[in-house]
Amino acid sequence: MLRKVAVLAVIASSLALAKPNVVVLATGGTIAGSGVSSTQYEGYQAAVTGVDKLLQAVPELKNIANLSGEQVAQVASQDISTDIWLKLAKRVNSLLKQDNVDGVVITHGTNTMEETAYFLNLVVKSKKPVVMVGAMRPGTAISADGPMNLYDAVLTAGSKEAVGKGVMIVLNDRIIAARDVQKTDSITIDTFKAPIFGYLGQIVDGKVVFFKNPLNKHTYESEFDISTITKLPRVDINYGYAHDSGTVIDALVASGAKGIVHAGAGTASMSEFVLPSVEKATKKGVAIVRTPRTSLGMINHNMEVADDKYGTIAGGTLSTPKARVLLMLGLTKSNNPKYLQELFFKY
Ligand code: SIN
């Protein structure tokens with residue numbers, strides 16, 4: 001009897017001590033950056049520190065997870081390509097299929113992190129947590145934000161509460177859904193916000209606290225499957241302004257774009273100078289999505305522009321770069337405007 005109690009006690013304590021298995025996939029960015037002085041936080045070199053050094057720099061990580069690291073890319077995030085998206089997404093999917101992996105953290109530059117996050121949010125086939133993390137200051141800065149951000153990201157990726165919440169970005173103590181997040185400031189460390197939708201949660205003193213669930217479909221609920229895709233269709237962006245012209249749209253279509261996101265003034269308007277080029281493009285089967293140049297706001301179908309007449313698609317509440325991500329994935333299935341419009345309601 002005593003022996004049985006002792007065995008049960010050992011099992012109970014080892015369960016309590018069991019740490020989650022988290023894999024860190026590194027891609028570069030400022031979190032792996034290095035400056036010439038401890039006060040430099042602009043003009044430093046991004047993407048120089050490898051994943052092993054990144055993990056060694058935060059010894060506290062050993063207390064919260066069993067970690068392993070892989071270098072998937074080593075670039076500043078403006079150089080993240082759609083080929084890197086596909087490589088990263090396939091690696092995440094294969095890792096999360098393994099029983100001995102509980103979550104994945106991806107270190108990434110902040111410049112295009114929201115696009116990579118939204119892409120993964122649409123193509124990862126798992127409920128397990130996927131957390132993207134970066135830093136606004138290089139590791140050499142006096143008050144580098146990378147180490148604490150990385151700690152918080154690993155904590156979130158290993159937490160049971162994060163299961164089923166889709167891809168998340170963790171920075172500056174905040175947890176933000178990939179669908180909702182926007183980088184709002186080019187320099188400051190409180191740059192990532194979710195101005196329309198609000199934060200998913202927060203990390204305080206090693207505790208991961210969620211406030212809500214994401215509303216739009218994501219990850220395990222998504223209809224997109226990239227397992228056999230090796231190239232994504234080309235989608236470009238056109239910017240609207242006073243007395244703009246259709247020249248850019250004409251050039252994009254002539255050079256082979258399969259889709260264009262038009263960041264229009266106000267509620268994604270299209271000027272009388274642009275509309276003839278838009279109509280020519282959609283008649284050729286090029287998909288055109290309308291988003292707001294303001295970066296925030298809701299764009300409704302057949303409001304401001306007669307979408308059904310011109311064959312265009314309203315971008316809903318997606319930002320311009322994220323609308324581009326969804327359009328690329330949509331075009332892997334169909335260029336039918338009705339099908340594509342539905343996607344902008346769902347995701
Ligand atoms: C980058 O996006 O790779 C550089 C800037 C950053 O990480 O903040």
Side-chain angles (χ1 to χ4, degrees), residues 22-34 41 44-55 57-58 61 67-93 95-96 103-124 129-139 144-157 162 166-172 174-187 189 191-194 200 219 226 319 321-322 324-325:
V22 174
V23 181
V24 177
L25 301 178
T27 69
T30 293
I31 193 165
S34 178
Y41 56 91
Y44 54 85
Q45 209 182 339
V48 287
T49 309
V51 66
D52 294 338
K53 270 204 165 149
L54 268 188
L55 300 182
V58 191
L61 291 173
L67 284 178
S68 58
E70 289 175 27
Q71 197 77 44
V72 175
Q74 194 146 7
V75 294
S77 73
Q78 58 272 22
D79 295 327
I80 289 278
S81 62
T82 54
D83 291 342
I84 296 179
W85 283 352
L86 288 169
K87 180 179 172 194
L88 186 60
K90 286 174 186 173
R91 186 66 191 133
V92 171
N93 275 332
L95 284 168
L96 293 183
V104 167
V105 167
I106 298 160
T107 62
H108 194 288
T110 63
N111 290 349
T112 64
M113 188 188 289
E114 62 205 90
E115 288 153 79
T116 303
Y118 187 52
F119 178 72
L120 295 173
N121 199 49
L122 295 172
V123 301
V124 166
V130 177
V131 179
M132 297 202 58
V133 65
M136 290 301 288
R137 294 177 181 160
D145 50 334
M148 183 57 104
N149 286 344
L150 183 58
Y151 182 85
D152 285 348
V154 171
L155 207 56
T156 308
V167 176
M168 292 155 274
I169 284 185
V170 165
L171 251 103
N172 203 34
R174 309 285 191 189
I175 308 169
I176 315 181
R179 165 69 174 70
D180 306 340
V181 67
Q182 285 193 21
K183 183 173 180 179
T184 61
D185 189 295
S186 59
I187 295 283
I189 58 170
T191 180
F192 281 97
K193 305 224 159 100
L200 264 192
T219 54
I226 45 105
S319 66
K322 286 192 196 156
R324 174 175 171 262
V325 171

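Count residues from 1 along the sequence. These numbers were taken from a predicted model, which means no experiment stands behind them.
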**OP:** Check side chain to side chain donor-acceptor pair (under 3.5 Å) between R179 and all other residues, then give those that pass, not counting sequence neighbours.
**Re:** T317
Original post:
What pairs with D83 under salt bridge (Lys or Arg N to Asp or Glu O under 4.0 Å), at least two apart in sequence or on another chain?
Top reply: K231
Original post:
Can you name the residues that form a side chain to side chain donor-acceptor pair (under 3.5 Å) with S77, not counting sequence neighbours?
Top reply: T112
**OP:** Name all residues meeting the side chain to side chain donor-acceptor pair (under 3.5 Å) criterion together with K193; count only those two or more places apart in sequence or in a different chain, and write none if there are none.
**Re:** none
Subject >> Least distance between heavy atoms, A47 atom then Q74 atom >> reply: O-CG, 3.3 Å
**OP:** Drop me the distance from T27's OG1 to I80's CD1, to the nearest 0.5 angstrom.
**Re:** 4.5 Å
Original post:
Counting distance only, does the side-chain N/O of K87 pair as donor-acceptor with the main-chain N or O of V72 below 3.5 Å?
Top reply: yes
**OP:** Measure the spacing between CZ of R137 and CD1 of I187 and express it to the nearest 0.5 Å.
**Re:** 10.0 Å
**OP:** Mark yes or no for whether N149, through its side chain, and N172, through its backbone, hold a donor-acceptor pair below 3.5 Å.
**Re:** yes
Subject >> Set of residues satisfying side-chain contact (heavy atoms from CB on, under 4.5 Å) with respect to A153, sequence neighbours excluded >> reply: V105, V131, V133, V170
Subject >> For P138, side-chain contact (heavy atoms from CB on, under 4.5 Å) partners two or more places apart >> reply: T30, Y41, Y44, T140, A141
Original post:
Can you name the side-chain contact (heavy atoms from CB on, under 4.5 Å) partners of K53, sequence neighbours left out?
Top reply: T49, Q56
**OP:** Without swapping roles, check the side chain of E70 against the backbone of V23 for a donor-acceptor pair under 3.5 Å.
**Re:** no
Original post:
Under a 4.5 Å cut-off applied to non-hydrogen side-chain atoms, are L55 and L150 in contact?
Top reply: yes
Original post:
Which heavy-atom pair separates V22 from A157 by the least distance, and what is that distance?
Top reply: CG1-CB, 4.1 Å
**OP:** Indicate yes or no for a side-chain donor-acceptor contact from T191 to the backbone of T184 under 3.5 Å, with no hydrogens or angles considered.
**Re:** yes
Subject >> Under 3.5 Å donor-acceptor, T219 side chain and N121 backbone >> reply: no
**OP:** Quick one: list whatever passes side chain to side chain donor-acceptor pair (under 3.5 Å) with D145, sequence neighbours left out.
**Re:** none
Original post:
Atom CD1 of I226 and atom CG of L122: how far apart are they, to the nearest 0.5 Å?
Top reply: 11.0 Å
Subject >> Test side-chain contact (heavy atoms from CB on, under 4.5 Å) applied to A117 - qualifying residues, sequence neighbours left out >> reply: M132, V167, I169, A178
Original post:
Would you say L25 and V92 make side-chain contact, with heavy atoms under 4.5 Å?
Top reply: yes
Original post:
Do you know which two heavy atoms are closest between M113 and G134, and how far apart they sit?
Top reply: CE-N, 3.4 Å
Original post:
Heavy atoms, side chains only, cut-off 4.5 Å: are I84 and S81 in contact?
Top reply: yes
Original post:
Any chance CD of Q45 has more than 12 other-residue heavy atoms, nucleotides or ligands included, within less than 6.0 Å?
Top reply: no
Original post:
Measuring from D152:CG to R174:CZ, what's the distance to the nearest 0.5 Å?
Top reply: 12.0 Å
Original post:
Are the side chains of I106 and T116 in touch, meaning some heavy atoms are under 4.5 Å apart?
Top reply: no
Original post:
Between F192 and E114, which heavy-atom pair has the shortest distance, and what is it?
Top reply: CE2-OE1, 4.5 Å
**OP:** Mind checking ring-ring contact (aromatic ring centres under 6.0 Å, His included) for F119 and listing every partner two or more places apart, or none if nothing turns up?
**Re:** W85
**OP:** For residues T110 and A135, report the shortest heavy-atom separation together with the two atoms involved.
**Re:** CG2-O, 3.5 Å
**OP:** Would you check, one step at a time, whether the test side-chain contact (heavy atoms from CB on, under 4.5 Å) holds for M136 with K183?
**Re:** CA-CA 11 Å; M136 290 301 288; K183 183 173 180 179; 3.9 Å; yes
**OP:** Give me the one residue out of V104, V325, L88, N93 that meets side-chain contact (heavy atoms from CB on, under 4.5 Å) with L120.
**Re:** L88
